[in-house]
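Working notes, beginning with the structure itself.
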Amino acid sequence: MSDTNAISDTNVAEPRRDGAMNTGGSVVGFSEWCSDALANLLRDLGIPFVALSPGSSFRGLHESLVNVLGNRDPEMLLCLHEEHAVAIAHGWAKVTGTPMGVLVHANVGLMHATMAVYNAFCDRVPMLVMGGVAPMDAGRRISPAHWYHSVLDQGALVRDYVKWDDQPFSLHGTLEALLRANQLTRTVPMAPCYVSIDQRMQEDALPSRVVARDVARYAPPSPIRPDPAAVNRAAALLAAAKHPVILAGRVSRDEGAWAARIALAEAIGADVVTDMKVAAAFPTDHPLHPGDPMLVFADEASLASIRDADVIVSLDWVDMVNLFARVWPDGSVPPKIIQISADRLVHRGWTRDHMGLPAADVDILAEPCATVPLLLEEIRRVQTAQQRQRAGECVVRRRRESRSRAPKRAAHAGPEDIALWDMGIGLDAARRGRPISVIRAPLGWHAGALPFRHPLDYLGYDGSGGIGSGPGHAVGAALALRGSGRVPVALVGDGDFLMGVTALWTAVHHRIPVLVLIANNNAYFVDEEHQRTVSRQRRRSLDNAWIGQRLDDPSIDLPAMARAQGLTAERVERRSDLVAAIERGIAAVDAGNAHVLDVRIVPDYTGLLG
């Protein structure tokens, strides 16, 4: 009997030898240790990569991944920091909707990783995080490090912002925990799961008695089907609505689901509002998309559309309460509200990432992508000819209206200054019609300069606003996009780049092509804006807002930091040079390189924070 998919039901420490595995033409080791069974299970679960910064607490599993699996399926991604390892897995999940594995070293490694885990939790992405833990049996601790790294409840470090965690002690318990974690992290609403793995157990001989488990029988369940009666009520409201609005929030990267959302909007003549905090959910230059995607606050075109609405449907919108408060400050919400989301199934008490509690007239506990086709089908069934005609006329009218995205270039920018609007225009010109994936964009980004027309055109922000994740997301998303024909482009701020810059070494080491554009204003400028907001409220001078914020004296050589890790890099400071510089960056990606372009910009999001 093969030890693949096997879970021990005994602790008898007697080695097994079921034959050597052949990977890549070279014979690798026999499966005879407990960590070999763990490695085999990761392969059978379809975990393609494991990002890690090495640690002794998982040395047994590390050795098995190399000498039993031949470092393939999963392949290890070597990282310089645990936070980067989690951020890379986060970027991968943004594209694929599937989990990558992450290995962190005991309690200290998990402490390094915590902010990135919180980002991933708030962004609702799947991830299988595994942490070695030094021997739980005190008699097997043979060094001071074993005592430092032995934690009775290691998962407590992240329990409030993972979907599930466990700290089993036996091989049987560990394999079952991995099966459960894999199932839960892939089940909507998705979020990271964490499993601690005892170091000494990994290094024990594989027991002779095992119980085989077929991993296919532990697959995630089918998506929750919405209540048909609720779908019928929602369809009736939308079919009869004169000014419906769709708030398109957290949805999948599936092209079929994208097309279904467009069809729904056009079937009822609904305006669609989107959000830069999450990935692309609707074409931003579609006639039914009234303004730019929200970032911090909605623009006036989107607010006006919401204000006129008689029915609003939320497709897992992140923060309805604050959005509605800007439209109706008195707390009244006149339109009928249809909420479609399963997100409450992962809400926790410690974190407030669930936002305010919205009122809803029809509340459908289901995934939006599973519900929209059913809703569309029912709308088409119940719509009258007059309702269909009204919706069609709305779409035609919107196409005729002047909804052109007027340039939003900073008024204070000179002819050769580069502003964020110029970066979008330059990137659009330099790509020459090729598909690109904007992995992320900096605060203040003007989506109108670079329309999103495909679910992979934009991948969203970092989840919780945890700065420093951008470079790691760039690497993980670029890995997922490798070979797709898309150019992976991450637009990051200079502060984000500086906090996460060493994540980019992994891209060079593992031959992952990616283009990183730094929107460099030599400051933590959004915090300058926060200071100005407070000083304005207190009627004090705005002239001192830069103190404790500016990244100069000395100015940091960002391209040098990239080159030191093996990336190609350059700086551009003149608007007339921007397109050519981006074209060189795309050529570097086409050649298989990771490239950084330091773009010196003028701040142009004054007033963004109110």
Open item on the list: Under a 3.5 Å cutoff, is there a donor and acceptor pairing between the side chains of Tyr458 and Thr284?
Closed with: no
Open item on the list: Using side chain to side chain contact (heavy atoms under 4.5 Å, CB included), reason through Trp164 and Arg159 one step at a time and then give a plain yes or no.
Closed with: CA-CA 7 Å; Trp164 182 79; Arg159 182 163 300 135; over 6 Å; no
Task: More than 12 heavy atoms of other groups within 6.0 Å of Arg225 CZ - done: no
Task: Minimal non-hydrogen separation, Pro368 against Ile340, with atom names - done: CG-O, 3.5 Å
Open item on the list: List the residues meeting side-chain contact (heavy atoms from CB on, under 4.5 Å) with Ala263, not counting sequence neighbours, and say none if there are none.
Closed with: Leu376, Arg380
Task: Those residues that, when tested against Lys163, pass salt bridge (Lys or Arg N to Asp or Glu O under 4.0 Å) (two or more places apart) - done: none
Task: For the student: nearest non-hydrogen atoms of Leu247 and Met320, plus distance - done: CD1-CG, 4.0 Å
Task: Close side-chain approach of Pro442 to Asp496, heavy-atom, < 4.5 Å - done: no
Task: Main-chain N/O of Val195 paired with Asp166 side-chain donor or acceptor, under 3.5 Å - done: no
- [ ] For His289 and Thr274, run side-chain hydrogen bond (donor to acceptor under 3.5 Å, both in side chains): C-alpha distance rounded to whole Å, both residues' side-chain angles, the deciding distance at 0.1 Å, then the answer.
- [x] CA-CA 8 Å; His289 195 285; Thr274 61; 2.7 Å; yes
TODO: Please report the closest heavy-atom contact between Gln383 and Ala239, naming both atoms and the distance.
DONE: CG-CB, 3.8 Å
Task: Ser469 to Ala87 - nearest heavy-atom pair and separation - done: O-CB, 4.0 Å
Open item on the list: What I'd like to find out is whether the side chain of Val245 reaches to under 4.5 Å of the side chain of Val311, using heavy atoms alone.
Closed with: no
- [ ] Report yes or no: does Lys94 contribute a side-chain atom to a donor-acceptor pair with the main-chain N or O of Tyr461 at less than 3.5 Å?
- [x] yes
Open item on the list: For the CH2 atom of Trp92 and the CG atom of Leu479, what is their distance to the nearest 0.5 Å?
Closed with: 5.0 Å
Task: Any Leu365 side-chain heavy atom under 4.5 Å of Arg344 side chain - done: yes
Task: Any pair counted as salt bridge (Lys or Arg N to Asp or Glu O under 4.0 Å), so long as it reaches residues 346-359, sequence neighbours left out - done: Arg124-Asp353
Task: Sequence neighbours excluded - salt bridge (Lys or Arg N to Asp or Glu O under 4.0 Å) pairs with any residue from residues 314-328 - done: Arg250-Asp316
- [ ] List for me each residue that meets side-chain contact (heavy atoms from CB on, under 4.5 Å) alongside Glu75, sequence neighbours excluded, and say none if there are none.
- [x] Phe49, Asn71, Arg72, His510
TODO: Start with the C-alpha gap between Leu77 and Ile88, add the side-chain angles, then the distance that decides, and say whether side chain to side chain contact (heavy atoms under 4.5 Å, CB included) holds.
DONE: CA-CA 9 Å; Leu77 299 175; Ile88 288 170; 4.1 Å; yes
- [ ] For the residue pair Leu61 and Leu103, establish whether any side-chain heavy-atom pair is separated by less than 4.5 Å.
- [x] yes
Taking only distance into account, with no hydrogens and no angle test, what donor-acceptor pairs under 3.5 Å do side-chain atoms of residues 180-191 form with protein atoms, sequence neighbours excluded?
residue : atom : partner : partner atom : Å
Asn182  : OD1  : Arg186  : NE           : 2.7
Asn182  : OD1  : Arg186  : NH2          : 3.3
Gln183  : NE2  : Tyr218  : O            : 3.4
Gln183  : NE2  : Ala219  : O            : 3.3
Thr185  : OG1  : Met127  : N            : 2.8
Thr185  : OG1  : Met127  : O            : 3.3
Thr185  : OG1  : Ala191  : O            : 2.7
Arg186  : NH2  : Leu45   : O            : 3.0
Thr187  : OG1  : Gln183  : O            : 2.6

Open item on the list: Could you check whether any side-chain heavy atom of Ile262 comes within less than 4.5 Å of a side-chain heavy atom of His286, counting everything from C-beta outward?
Closed with: yes
- [ ] Please identify each residue that fulfils side-chain contact (heavy atoms from CB on, under 4.5 Å) with Ala229, with sequence neighbours left out.
- [x] Asp227, Arg233
TODO: Take Ile197 and Leu38 through the test side chain to side chain contact (heavy atoms under 4.5 Å, CB included) and record every step on the way to the result.
DONE: CA-CA 10 Å; Ile197 305 177; Leu38 301 177; 3.8 Å; yes
Open item on the list: Looking at Asp299 and Asp292, would you say the former's side chain and the latter's main chain have a donor-acceptor pair under 3.5 Å?
Closed with: yes
Task: Distance-only side-chain donor-acceptor flag, Asp330 / Ser332, under 3.5 Å - done: yes
Task: Sequence neighbours excluded, every pair satisfying salt bridge (Lys or Arg N to Asp or Glu O under 4.0 Å) that has a member inside residues 368-379 - done: Glu378-Arg381
Open item on the list: So Phe282 and Val251, do their side chains get closer than 4.5 Å, heavy atoms only?
Closed with: no
Open item on the list: Less than 4.5 Å apart, side chain to side chain, heavy atoms only: is that true for Asp123 and Asp462?
Closed with: no
Open item on the list: Do the side chains of Glu266 and Arg399 get close enough for a salt bridge, i.e. N-O under 4.0 angstrom?
Closed with: yes
Open item on the list: Phe58: which residues meet the ring-ring contact (aromatic ring centres under 6.0 Å, His included) condition with it, sequence neighbours left out?
Closed with: none
Task: Residue pair Leu375 / Ala235: nearest heavy atoms and the distance that separates them - done: CD1-N, 3.6 Å
Open item on the list: Tell me which one of Val86, Val102, Val104, Leu157 satisfies side-chain contact (heavy atoms from CB on, under 4.5 Å) with Val117.
Closed with: Val86
Open item on the list: Quick test of your reading: applying salt bridge (Lys or Arg N to Asp or Glu O under 4.0 Å), list the pairs with at least one residue in residues 442-461, sequence neighbours left out, ordered by first then second residue.
Closed with: Asp285-Arg453, Asp457-Arg486
TODO: With sequence neighbours excluded, tell me which residues meet salt bridge (Lys or Arg N to Asp or Glu O under 4.0 Å) with Arg261.
DONE: none
- [ ] Please report the shortest heavy-atom distance between Ala177 and Pro168, naming the atom on each side.
- [x] CB-CG, 4.1 Å
TODO: Tell me, please, which residues at least two apart from Trp317 pass ring-ring contact (aromatic ring centres under 6.0 Å, His included).
DONE: none
Task: Trace of the side chain to side chain contact (heavy atoms under 4.5 Å, CB included) decision for Val492 with Ile439 - done: CA-CA 9 Å; Val492 302; Ile439 296 167; over 6 Å; no
Open item on the list: Can you tell whether the side chains of Glu393 and Arg398 come within less than 4.0 Å, N to carboxylate O?
Closed with: no
